Number of protein chains: 2
Amino acid sequence: MKKLDSSFKLIKEKLHKAGFKLTPQRELTVEVLLEKEKDHLSAEEIYLLVKAKNTGIGLATVYRTLEILTELQIINKLTFQDGIARYDLNMGSDKHQHHHLLCLKCGSIEEVKQDMLFEIEKEIERDYHFLVKDHRLTFHGICRNCAEQDKEEEGDVNG
Amino acid sequence: MKKLDSSFKLIKEKLHKAGFKLTPQRELTVEVLLEKEKDHLSAEEIYLLVKAKNTGIGLATVYRTLEILTELQIINKLTFQDGIARYDLNMGSDKHQHHHLLCLKCGSIEEVKQDMLFEIEKEIERDYHFLVKDHRLTFHGICRNCAEQDKEEEGDVNG
DNA sequence: GTAACTGCAAATGGTTTGCAAACCT
DNA sequence: AGGTTTGCAAACCATTTGCAGTTAC
């Protein structure tokens, strides 16, 4: 809980400094985001999780909170191919976005922490005269789990 | 027009082979996509352009046509951060997606033809046991035009 | 001739907005 | 106390769907 606590404090400070009030709804939303850091939740999912914490909250409030948090760069708003916005804590590196692995079978989203794009960004800046501020990189493919399952199924068919 | 003609023929063949009828609406939609190859049009924009060709067409038909073309991998459906689907001809390389440069000022979308990600994909497959099929890479930043405009404006202020 | 296709209008689903009541500070 | 925030319901907007009439093959 140590790490969560300090992140929590940091985020609350950021909100406060930017002149926003610390309402229970906002605190709970941040809490959920911290608890499910790896899950790339949609607004709806966050809404349900906050509600499950025995507190009433409106979906609109969740959207409004997420908008604020995005503005303050506390979270990133991501849109994968289904067009639904998903949110992603932006702790630590205020710099560039990490990458994502989107499984075409089960829809899971895994994170790739390394950046890997420094060289390519330099190329882009040089060759296209485009000043890179950030990037979004998603690989589409088959995750480890699904690949293993596929193998098992093949086995079933043949055996 | 030579290149467009042959692309057009190729696409019509693909449709035909897959058992789809060649209706005027579909032909015109493909025509628009070929003419505006660089523009990353939305469904609505395609709809308006087809209608402008003096033919009536329904928005639903455009969507349905785009769905078919996406299925047949003739076009790619792309979703940038605004959540609106945009479409992109997939001529030549049925392989991996090229990259995009999205300008944060003017919203323009430029293409990067080179792939640049072979090495990184290999790393991903090795380190994450994730079988990469495709990727989406978008750089967010300031395009050449906007950067130049910014400089001019600075000049105005100071002079 | 007939299954596929079209166009309209209505439905859907994620997101936004208006407004009166409730709440931080 | 006063501006901010909330929650509901209605509005919005891109996209999808149902269905009766039309068309490509």
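Note that this is a predicted model, so its numbers are computed, not measured. Each chain gets a letter, A, B and so on, in the order the sequences are listed, and its residues count up from 1.
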Rounded to whole Å, how long is the line connecting atom [atom1] of [X] with atom [atom2] of [N]?
X	N	atom1	atom2	answer
Q25(B)	dG21(D)	CD	P	18 Å
I68(B)	dA24(D)	CD1	P	15 Å
E45(B)	dT15(D)	CD	C1'	15 Å
I84(B)	dC13(D)	CD1	C1'	9 Å
L28(B)	dA24(D)	CG	P	12 Å

Classify the nucleic acid contact of R26(A) as base, sugar-phosphate or nothing, counting any heavy atom under 4.0 Å across all strands shown.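 Sugar-phosphate only.
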
First-last contacting nucleotides on DNA chain C - partner chain B, under 4.0 angstrom, heavy atom: dA3(C) to dC8(C)

Five-pair end axes of the helix from dG1(C)-dC25(D) to dT25(C)-dA1(D) and the angle they enclose, rounded to 10°: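 Between the first-five-pair axis and the last-five-pair axis there is 40°.
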
No-hydrogen, no-angle side-chain donor-acceptor test under 3.5 Å, H135(A) and E121(A):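 Side chains of H135(A) and E121(A): pair found under 3.5 Å.
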
Is a side-chain donor-acceptor pair under 3.5 Å present for E111(A) with H99(A)?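 No, because no side-chain N or O of H99(A) sits under 3.5 Å from a partner of the opposite role on E111(A).
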
Group every Ile, Leu, Val, Met, Phe, Trp and Tyr by side-chain heavy-atom contacts under 4.5 Å, then state whether [X] and [Y] land in the same group.
X	Y	answer
Y128(B)	L102(A)	no
Y87(B)	L59(B)	yes
F139(B)	I109(B)	no

Before you tell me yes or no, could you show the steps for R136(A) and D134(A) under salt bridge (Lys or Arg N to Asp or Glu O under 4.0 Å), namely the whole-Å CA-CA distance, both residues' side-chain angles and the distance that decides it to 0.1 Å? CA-CA 7 Å; R136(A) 298 288 141 109; D134(A) 197 0; 3.4 Å; yes

Only one of E45(A), H100(A), E110(A) passes side chain to side chain donor-acceptor pair (under 3.5 Å) with H40(A); say which it is. H100(A)

Are the side chain of E125(A) and the backbone N or O of V132(A) linked by a donor-acceptor pair below 3.5 Å?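 Such a contact is found between E125(A) side chain and V132(A) backbone.
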
Which residue lies more 5' along DNA chain D, comparing P24(A) with A43(B) via nearest heavy atoms: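 The answer here is P24(A).
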
Of all of residues 51-61 of chain B, which get a heavy atom below 4.0 angstrom from DNA chain D, listed by number? L59(B), A60(B)

Taking only Lys NZ, Arg NE, NH1 and NH2, and the carboxylate oxygens of Asp or Glu, determine whether E31(B) and R26(B) approach each other closer than 4.0 Å. no

Assess whether a salt bridge exists between E71(B) and K77(B), defined as any Lys/Arg side-chain N lying under 4.0 Å from an Asp/Glu carboxylate O. no

Using the salt bridge (Lys or Arg N to Asp or Glu O under 4.0 Å) rule, take R64(B) and E67(B) through it: C-alpha gap first, then chi angles, then the decisive distance, then the call. CA-CA 5 Å; R64(B) 284 186 279 231; E67(B) 201 186 340; over 6 Å; no

Between R64(B) and E44(A), whichever has its closest DNA chain C nucleotide further toward 5' is R64(B)

